[in-house]
There are 2 protein chains.
Amino acid sequence: MQLAAHPHQPDYSPRQNDVLDSALRLLVDGGEKALTTASVARAANCSKESLYKWFGDRDGLLSAMIGFQASKVRTFEDDAETLTAATLREHLVLFARDLLEVLSGDVSLALNRLAIGQASRDGSKLGSMLQERGRRQIGKRAGVLLEAGRDAGLLAFEDRDDAYDTLYGLIVSDLHLRMLLGEDSGRMVKDFGRRAERAVSAFLRLYGSGKSSA
Amino acid sequence: MQLAAHPHQPDYSPRQNDVLDSALRLLVDGGEKALTTASVARAANCSKESLYKWFGDRDGLLSAMIGFQASKVRTFEDDAETLTAATLREHLVLFARDLLEVLSGDVSLALNRLAIGQASRDGSKLGSMLQERGRRQIGKRAGVLLEAGRDAGLLAFEDRDDAYDTLYGLIVSDLHLRMLLGEDSGRMVKDFGRRAERAVSAFLRLYGSGKSSA
DNA sequence: CATTCACAGTACCGTACGGTACGGTTCGCC
DNA sequence: GGCGAACCGTACCGTACGGTACTGTGAATG
């Protein structure tokens, strides 16, 4: 979500970004098996030789795809104005919905499947790359929100990471894994709103300091 | 966990179970890439021809592996005696710890990675098989526990599935996914106890009917 | 002993993939 | 015009895998 216009071009030329886009499309609707160097070259109208010149080898291409996609979903920091109980709740619900939207995105799902598939291989920085550029990034947004809530006297917690872990679990539960396993996921989008509300209500009941609404 | 002695032999002969065991070992410490028909045959001291006779094709072998493992981890139903607040809490914590143990097991992780990797393929019943035989099974155990708690007046909830979803999220959060992505996972086992306690405390604060302890 | 069955071991086939090499084309630059 | 860099398209190579066929062998059965 929130595609910034020019999110600080990471490492690659426009042409190469086009190639990475094609590769992502290919991965999304064909799975890793369809992501062969030949098919990427064909889909992007470039030569295999150029692929190897630009990305080194197949793993380099995969890493580049993750980095590229991460640069596209860079999360915006919602400026915490003076928080009230209502606005805090509002921000939390918005965060929850955004999180669910991101996790259910087909590109996100495809990249997570890819990284998980490569996780058994030894080197394979893909998993930690996804962790670092994906979760840690969106977790930072939640972090400032939680801190702001505590500073405003609306939340009470000792360990911020524990609180965020709880919030994340309440929002996502095993939904992410179910989607990764292939559950149709088309029908559940409707419920994101309800799910976000439920999770935030529970979270506020756990960590709110007096003022929460069921 | 809880390997039943003879958990209702599913479909295969002892010899074939040995083969499936070898295949699982191979998958665990080599990933899917290492799970070739030739290597399975070599590891199990059988011929490729026998593999194809017994399991049809490679997908049949994978399905058999999942079914075989599921039959080994069949969860026991803990008989809910007359519940008190203390015993309910105890049972919930035990459930949480068992859940974390199961999810962090190397065979479970390997099979989940396998199923997720195959999820993009069209047919691929592997994902739903894992869902059906894995989560649904352990979810049933939690279900009866929750119902018993409600019948005893210790828990208050309307939708049992919602309650279980919350419990699951509080226990697991994104830990499962992080492990699937390759986070070392060796060091965090130590924290399972603390994590289970934390999750159950939070759950009881949300769904307990008056009597819970922080 | 002859037959049959189940199986191991291995050779084999077709295919597909990762990676490389090469000819041809465009474009900018002197 | 000459030249080199970048690059496309494609042919090519080595390898590895899924799946099949064939041979040998040991144990059961009559």
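Just so we're on the same page: letters track the sequence lines, and every chain starts at 1. What you see below is based on every heavy atom in this structure, not just the backbone, and it leaves out hydrogens, waters and symmetry mates. Computed from a prediction, not measured in an experiment: that's the story for all the values here.
- Not a single side chain to side chain contact (heavy atoms under 4.5 Å, CB included) links B/Asn45 to another residue, sequence neighbours left out.
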Side chains of residues 24-38 of chain A: which donor-acceptor pairs under 3.5 Å do they make with residues two or more places apart or in other chains?
unit_1	atom_1	unit_2	atom_2	d
A/Glu32	OE2	A/Gln118	NE2	2.9
A/Thr36	OG1	A/Ser39	N	3.0
A/Thr36	OG1	A/Ser39	OG	2.9

Under 3.5 Å, N/O pairs linking protein and nucleotides 26-28 of chain C:
none

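- Between the C1' atom of D/dT20 and the CG atom of B/Leu51 lies a distance of 13 Å, rounded to the nearest Å.
- A/Tyr168 meets the ring-ring contact (aromatic ring centres under 6.0 Å, His included) test with no other residue; sequence neighbours excluded.
- Note on B/Arg150 versus B/Glu147: salt bridge recorded, some NZ/NE/NH1/NH2 to OD/OE distance being below 4.0 Å.
- Partners of A/Ala70 by side chain to side chain contact (heavy atoms under 4.5 Å, CB included), not counting sequence neighbours, listed by chain and number: A/Arg133.
- The side-chain hydrogen bond (donor to acceptor under 3.5 Å, both in side chains) check on B/Arg97 picks up nothing, with sequence neighbours excluded.
- In this structure, CG in A/Leu20 is found 7.5 Å from CE in A/Met65, a value given to the nearest 0.5 Å.
- DNA chain C is contacted by A/Asp57, A/Arg58 of residues 54-61 of chain A, taking any non-hydrogen atom closer than 4.0 Å.
- Taking B/Tyr164 as the reference, nothing meets the side-chain hydrogen bond (donor to acceptor under 3.5 Å, both in side chains) condition, with sequence neighbours excluded.
- The stretch residues 35-48 of chain A touches DNA chain C through A/Thr36, A/Thr37, A/Lys48, each having a heavy atom under 4.0 angstrom from the strand.
- Contact between the side-chain N/O atoms of A/Ser50 and the OP1/OP2 oxygens of D/dC8 is found at a separation under 4.0 Å.
- Put simply, NZ on A/Lys33 is 12 Å from P on C/dG18, counting in whole angstrom units.
- Sorted by first and then second residue, the pairs that involve residues 49-63 of chain A and meet side-chain hydrogen bond (donor to acceptor under 3.5 Å, both in side chains), not counting sequence neighbours, are A/Ser47-A/Ser50.
- For B/Arg198, the side-chain hydrogen bond (donor to acceptor under 3.5 Å, both in side chains) criterion is met by no residue, not counting sequence neighbours.
- Look at OH on B/Tyr52: it is 18 Å from P on C/dC12, rounded to the nearest Å.
- Between B/Arg113 and B/Asp106, no side-chain nitrogen of the basic residue sits less than 4.0 Å from a carboxylate oxygen of the acidic one, so the salt-bridge criterion is not met.
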Report, one pair per line, the protein and nucleotides 22-25 of chain C atoms (nitrogen or oxygen only) whose separation is under 3.5 Å.
unit_1	atom_1	unit_2	atom_2	d
C/dC22	N4	A/Glu49	OE1	2.2
C/dC22	N4	A/Glu49	OE2	3.4

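- At a threshold of 4.0 Å, the pair B/Asp174-B/Arg178 counts as salt-bridged, since one of the basic side-chain nitrogens sits closer than that to a carboxylate oxygen.
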